[in-house]
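Down below is the structure, laid out as structure tokens.
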2 protein chains.
Amino acid sequence: MFETIIEKIREHVTLSDDDAALLSTYLEVRKLRKNQLLVEPPYPANAEYFVVKGCLRHYFLDETGVEHTTAFAMEGWWMTDLQSFFTGAPSKYHVEALEEGEVIKLRRELKDEMFNKIPALNIYFRILYQNAIISQNERILNALSTTADERYLRFVKKYPALENRVPQYLIASYLGITPEFLSKVKTRIAAKKS
Amino acid sequence: MFETIIEKIREHVTLSDDDAALLSTYLEVRKLRKNQLLVEPPYPANAEYFVVKGCLRHYFLDETGVEHTTAFAMEGWWMTDLQSFFTGAPSKYHVEALEEGEVIKLRRELKDEMFNKIPALNIYFRILYQNAIISQNERILNALSTTADERYLRFVKKYPALENRVPQYLIASYLGITPEFLSKVKTRIAAKKS
DNA sequence: ATCCTTCAATGAACTATGTTAAGGCGCCAT
DNA sequence: ATGGCGCCTTAACATAGTTCATTGAAGGAT
């Protein structure tokens, strides 16, 4: 049942079979319908989710009713609203399933105990968060210093799978531009190639 | 010599006097001249720096010679190029002193041993990195979803001290706009108030 | 098949931001 | 004091991105 996640963890740290079995006792499987919300303001995000199958989206709904997509997650990625998960405060971001699928849920209140019993997981999660810092760093630089054309090109290069999986208006939202403008960007880029 | 840093750490975790004394053995004091570089590509960032006095700046120098400021640090803040510090890879960002000042240096190669001897510091640094994730999260949302006027207003509100301490063209660079446009933004905002 | 919904493409008018060039002010070295 | 230099401002014009309205294609429901 938990093969995928254990395999994924073993890419970063060594985990005995006993540890793997023990880990399973802290996890739960959850089926997802399309458009189902895993985190919904103002309820705190009380778990982290590992995507087994499907695609998630992290977004902020502003005062004017516009959604700003801040992250996607596909198979093998973790996601939650870390801001709320770390602090216990009410969540300000939504996490939504874009397709039907399946996630593995790790509850906040079990995590400390789990770390005590399986110390290797400390390292694993530390690496995850370090990677988050690094990629957010790059995203900030990109957002502030490059044009929409370039942001789109880098997105396609970095996440080719997403490009063909999520609707274009969500990609536009992730890039911080309007869907109409993304359409224009694409035709402009296509024109350049020839 | 290390009072400021110990005081700062004790805001987040409890640290015995013995631990504090032990901690001191892992730290070094470094005086800074104005414009001195603490991290310089491509040399790896092999330490983290705690600002005792002065002001630091984290920036990326792009292929066209333009600098993009990604962070500032003032008294009581930590800074380095985390991307390089975590991975050991060559740094891609500069860290520069904007004024003469003083930092406390914590070397990468000592950190694991220090964590083993003073476990409370694990928690302290975990909190630091969690806060980094949270604030970078907000910065991404801001960069992608708000106008320059709003970004500037939030900056002034969040870091009033910086506003009067670093030159305006660096603030513009941090906000992702040109100095000329920031000047326009400021006069526009001033006009609105009356 | 037909209707309805969702999403991508396009164009025109508008707003936000960048570029370039010029001038002013304060600071520092002579 | 003088001149030069670094930084801020202003203004005119150029480009990037938005808004709104329209159209068409694809898929789901009836």
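As the structure is a computational prediction, the values presented were derived from the model and not from experiment. The chains referred to below are lettered A, B, ... by the order of the sequence lines, with proteins before strands, and numbering in each begins at 1. The analysis underlying the following values was restricted to heavy atoms, covering all of them including side chains, and did not include hydrogens, waters or symmetry mates.
- Whole-Å rounding puts the A:Leu175 CG to D:dA16 C1' distance at 15 Å.
- When each of A:Arg188, A:Lys184, A:Lys186 is paired with A:Asp149, the side-chain hydrogen bond (donor to acceptor under 3.5 Å, both in side chains) condition holds for A:Arg188 and for no other.
- Taking the nucleotide of DNA chain D with the nearest heavy atom to each of B:Glu180 and A:Gly176, the more 5' of the two is matched to B:Glu180.
- Taking a heavy-atom distance under 4.0 Å as the criterion, the stretch of DNA chain C touched by chain A extends 5' to 3' from C:dC7 to C:dA12.
- Atom NZ of A:Lys34 is separated from atom C1' of D:dG28 by 11 Å (rounded to the nearest Å).
- To the nearest 0.5 Å, the span separating CZ on B:Arg151 from NZ on B:Lys158 amounts to 14.0 Å.
- Listed candidates were D:dT19, D:dG17, D:dC8. Nearest to the side chain of A:Thr178 is D:dT19.
- Between the P atom of D:dA16 and the CG atom of A:Asp149 lies a distance of 8 Å, rounded to the nearest Å.
- Salt-bridge formation is not detected for the pair A:Asp81/A:Arg57: no Lys NZ or Arg NE/NH1/NH2 atom is positioned less than 4.0 Å from an Asp or Glu carboxylate oxygen.
- Protein atom CZ of B:Phe181 is 16 Å distant from nucleotide atom C1' of D:dC8, rounded to whole Å.
- A salt bridge links A:Arg10 with A:Asp17: the distance from a Lys NZ or Arg NE/NH1/NH2 to an Asp or Glu carboxylate oxygen falls below 4.0 Å.
- Nucleotide D:dC8 holds its P atom 10 Å from the CD atom of B:Glu163, rounded to whole Å.
- Contact check on A:Lys111 versus A:Glu48 returns a salt bridge, with a Lys/Arg side-chain nitrogen under 4.0 Å from an Asp/Glu carboxylate oxygen.
- Rounded to whole angstrom, the span from the CD1 atom of B:Ile177 across to the P atom of D:dT9 amounts to 12 Å.
- Residue B:Tyr169 is classed as a sugar-phosphate contact, given heavy-atom separations below 4.0 Å to backbone atoms only.
- Counting to the nearest Å, the C1' atom of D:dT22 and the NZ atom of A:Lys184 are 14 Å from each other.
- In this entry the distance linking CZ of B:Arg188 with P of D:dA11 reads 14 Å, nearest Å.
- Here B:Phe155 and B:Tyr174 bring their ring centres to under 6.0 angstrom of each other.
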